[in-house]
Amino acid sequence: MQKQRPKHLDLARIRLPVPGFVSILHRVSGVALFFSLPLLIYLLHGSLSSAESFDTYKAVVSHPLMKLALLGLIWAYLHHFCAGIRFLFLDIHKGLELETARGTAKTVLVVSLVLTAVLGGIALW
């Protein structure tokens with residue numbers, strides 16, 4: 001007897017495990033960091049070129065939406081860094097057991113969020 005398979009994927013019903021979620025966020029954070037490079041180079045240039053451009057830089061960075069964007073970039077960097085370390089250990093076959101993989105994935109999420117709160121609080125406010 002052949003099993004009736006769905007003809008489409010119901011993405012709302014698929015529940016991704018935590019390590020899969022961390023993997024997808026690792027890719028998303030990498031893409032976000034890549035596409036934010038022009039903004040970051042513009043901000044670096046504005047902070048270093050002259051006193052007048054530094055005043056413009058301060059005005060741009062003090063805007064609440066820019067602070068939110070920079071906070072998102074801080075999270076993207078920290079998550080990408082922490083998940084990258086986790087993936088390096090997985091590449092050398094450390095932490096492949098199911099419970100360990102789930103634990104390290106949860107640790108990556110918690111550590112990246114805590115570091116984002118701390119560094120974002122220090123740097124942006």
Side-chain angles (χ1 to χ4, degrees):
M1 180 162 26
Q2 247 184 355
K3 200 177 190 182
Q4 287 289 351
R5 296 187 178 259
K7 294 184 181 188
H8 67 283
L9 289 177
D10 189 3
L11 295 177
R13 295 186 67 189
I14 295 175
R15 187 166 177 270
L16 197 61
V18 177
F21 189 64
V22 167
S23 177
I24 288 174
L25 285 178
H26 181 72
R27 291 171 188 250
V28 168
S29 64
V31 168
L33 289 172
F34 176 76
F35 283 116
S36 69
L37 279 176
L39 171 68
L40 295 174
I41 291 171
Y42 165 75
L43 291 175
L44 179 66
H45 174 71
S47 69
L48 298 177
S49 58
S50 68
E52 295 82 25
S53 65
F54 183 72
D55 292 335
T56 305
Y57 161 80
K58 282 175 46 177
V60 167
V61 172
S62 66
H63 193 274
L65 288 177
M66 182 57 79
K67 283 185 179 184
L68 187 63
L70 290 175
L71 187 65
L73 288 176
I74 289 171
W75 169 83
Y77 173 74
L78 291 170
H79 178 79
H80 199 76
F81 180 77
C82 294
I85 291 173
R86 176 181 179 266
F87 290 133
L88 286 175
F89 277 103
L90 291 175
D91 286 343
I92 60 171
H93 303 288
K94 303 291 182 194
L96 292 177
E97 297 79 24
L98 184 61
E99 287 305 314
T100 307
R102 286 180 180 163
T104 57
K106 290 175 186 175
T107 302
V108 164
L109 289 175
V110 169
V111 167
S112 65
L113 289 173
V114 167
L115 285 175
T116 300
V118 170
L119 293 176
I122 291 171
L124 299 177
W125 278 276

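Values reported hereafter were calculated over all heavy atoms of this structure, with side chains retained and with hydrogens, waters and symmetry mates removed. Not measured: the values here are computed from a predicted model.
Under the 4.5 Å side-chain heavy-atom criterion for ILVMFWY residues, a single connected hydrophobic cluster contains both V60 and L70. When hydrophobic clusters are built by joining Ile, Leu, Val, Met, Phe, Trp and Tyr residues whose side-chain heavy atoms come closer than 4.5 Å, directly or via intermediates, Y42 is grouped together with L73. L25 and L115 are members of different hydrophobic clusters when ILVMFWY side chains are connected at heavy-atom separations under 4.5 Å. Side-chain heavy atoms closer than 4.5 Å link hydrophobic residues (I, L, V, M, F, W, Y) into clusters, and following such links, even through other members, never connects L113 to F81. Taking hydrophobic clusters as Ile, Leu, Val, Met, Phe, Trp and Tyr residues chained together by side-chain heavy-atom distances below 4.5 Å, V22 does not share a cluster with V31.
With T104 as the partner, the side chain to side chain donor-acceptor pair (under 3.5 Å) test is satisfied by one option alone out of R86, K94, E99: R86.
Looking at I122 and V118, their side chains come closer than 4.5 Å, going by heavy atoms from C-beta outward.
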Exercise for the section: Begin from the C-alpha positions of L33 and H79 and carry the test side-chain contact (heavy atoms from CB on, under 4.5 Å) through to its verdict. Expected result: CA-CA 11 Å; L33 289 172; H79 178 79; over 6 Å; no

Practice task
Any chance you could lay out the side-chain contact (heavy atoms from CB on, under 4.5 Å) test for S29 and Y77, step after step, and finish with the verdict?
Solution key: CA-CA 7 Å; S29 64; Y77 173 74; over 6 Å; no

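A donor-acceptor pair under 3.5 Å links the side-chain atoms of S50 to the main chain of S53, judged by distance alone. S23 places no side-chain N or O within donor-acceptor distance of the main-chain N or O of P19, the cut-off being under 3.5 Å.
Between V108 and C82, the shortest heavy-atom distance links the atoms CG2-O, 3.8 Å.
Between H26 and F87, the angle of the ring planes goes over 60°, which puts this pair in the perpendicular group of the 30/60° scheme.
Legend: side-chain hydrogen bond (donor to acceptor under 3.5 Å, both in side chains) pairs involving residues 55-74, not counting sequence neighbours: none detected.
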